[in-house]
Amino acid sequence: MYPEYLVAPMREELTKVGFQELKTPQEVDDVLKSEGTVFVVVNSVCGCAAANARPAAKMAVQGEKHPDKLVTVFAGMEKDAVDKARSYMLPYPPSSPSMALFKDGKLVHMIERHQIEGRPAQMIADNLSSAFEVYC
């Protein structure tokens with residue numbers, strides 16, 4: 001677990017643009033079992049990857065086509081909620097940061113940490129925007 005003062009700005013980077021934080025397994029279940037499209041960001045303190053993931057997520061959701069719901073869980077903080085979210089992302093291994101798009105409760109697009117590291121935020125956002133065009 002990280003000190004809250006350390007992660008607060010990283011949480012806010014997503015919540016201030018409309019992402020809802022999910023802090024319990026029940027909240028994760030309620031959202032991911034719902035109809036429509038849900039974009040989940042597994043947020044992280046990881047410097048290089050998360051520093052590009054959060055801006056990419058923010059850019060992607062500004063487009064004309066975007067998911068119905070924007071949610072986030074924070075790796076290293078709300079362990080049970082993160083574990084529950086990751087259970088929906090199987091067969092992909094745990095990865096943070098990572099991003100997943102669900103449609104009607106089914107995983108339809110996944111971006112793992114290795115697809116984020118070393119890539120500019122715009123490239124990641126373009127990947128997400130393409131998925132949003134198809135599924136949203």
Side-chain angles (χ1 to χ4, degrees):
M1 300 287 269
Y2 300 100
E4 184 58 36
Y5 73 86
L6 178 70
V7 301
M10 296 172 201
R11 289 183 192 275
E12 187 179 303
E13 197 171 344
L14 294 176
T15 59
K16 73 180 178 185
V17 296
F19 282 80
Q20 173 192 355
E21 284 190 286
L22 304 179
K23 294 188 175 187
T24 69
Q26 187 61 54
E27 289 175 335
V28 172
D29 273 341
D30 291 346
V31 170
L32 292 183
K33 288 182 178 178
S34 65
E35 290 185 15
T37 51
V38 181
F39 178 42
V40 180
V41 174
V42 179
N43 204 345
S44 170
V45 297
C46 170
C48 59
N52 288 338
R54 287 186 296 272
K58 292 186 325 187
M59 283 188 266
V61 300
Q62 299 306 313
E64 189 174 314
K65 290 248 185 164
H66 53 79
D68 300 318
K69 297 176 185 164
L70 310 173
V71 300
T72 182
V73 293
F74 208 109
M77 294 302 288
E78 292 81 32
K79 181 183 180 340
D80 293 338
V82 172
D83 288 347
K84 178 56 83 171
R86 286 176 171 160
S87 76
Y88 284 91
M89 297 174 192
L90 292 172
Y92 294 94
S95 167
S96 58
S98 60
M99 303 175 195
L101 180 64
F102 294 85
K103 183 168 185 166
D104 298 330
K106 297 195 180 352
L107 179 64
V108 295
H109 189 75
M110 183 77 185
I111 298 179
E112 299 174 88
R113 177 188 173 120
H114 72 86
Q115 296 167 302
I116 296 170
E117 288 178 308
R119 289 177 175 79
Q122 186 62 58
M123 181 182 285
I124 301 161
D126 290 346
N127 179 311
L128 292 167
S129 295
S130 294
F132 297 168
E133 285 292 323
V134 172
Y135 297 106
C136 298

- Closest non-hydrogen atom pair, Ala75 against Val42: CB-CG1, 4.1 Å
- Task: Can you see which heavy atom on Pro9 is nearest to which on Tyr5, and at what distance?
- Result: CD-O, 3.5 Å
Return yes if some donor-acceptor pair links the side-chain N/O of [X] with the main-chain N/O of [Y] below 3.5 Å, else return no.
X	Y	result
Thr37	Cys136	no
Arg54	Ser44	yes
Lys65	Phe132	no
Asp104	Gly36	yes
Ser129	Asp126	no

- Applying side chain to side chain contact (heavy atoms under 4.5 Å, CB included), run through Gln26 and Asp30 and close with a yes or a no. CA-CA 6 Å; Gln26 187 61 54; Asp30 291 346; 2.7 Å; yes
- Message: Just verifying a value: how many Å separate Asp68 CG and Glu35 CD, rounded to the nearest 0.5 Å?
- Response: 10.0 Å
- Message: Please report the interatomic distance OG1(Thr72) to CE(Met99), rounded to the nearest 0.5 Å.
- Response: 9.5 Å
One thing to verify: whether [Y] and [X] come together as a salt bridge, which I'm taking to mean a side-chain N less than 4.0 angstrom from a carboxylate O.
X	Y	answer
Lys16	Glu21	no
Asp83	Lys79	yes
Glu27	Lys23	no

- Item | Side chains of Asn52 and Arg119, donor plus acceptor under 3.5 Å | no
- Task: Could you tell me whether the side chains of Lys69 and Ser34 share a donor-acceptor contact shorter than 3.5 Å?
- Result: yes
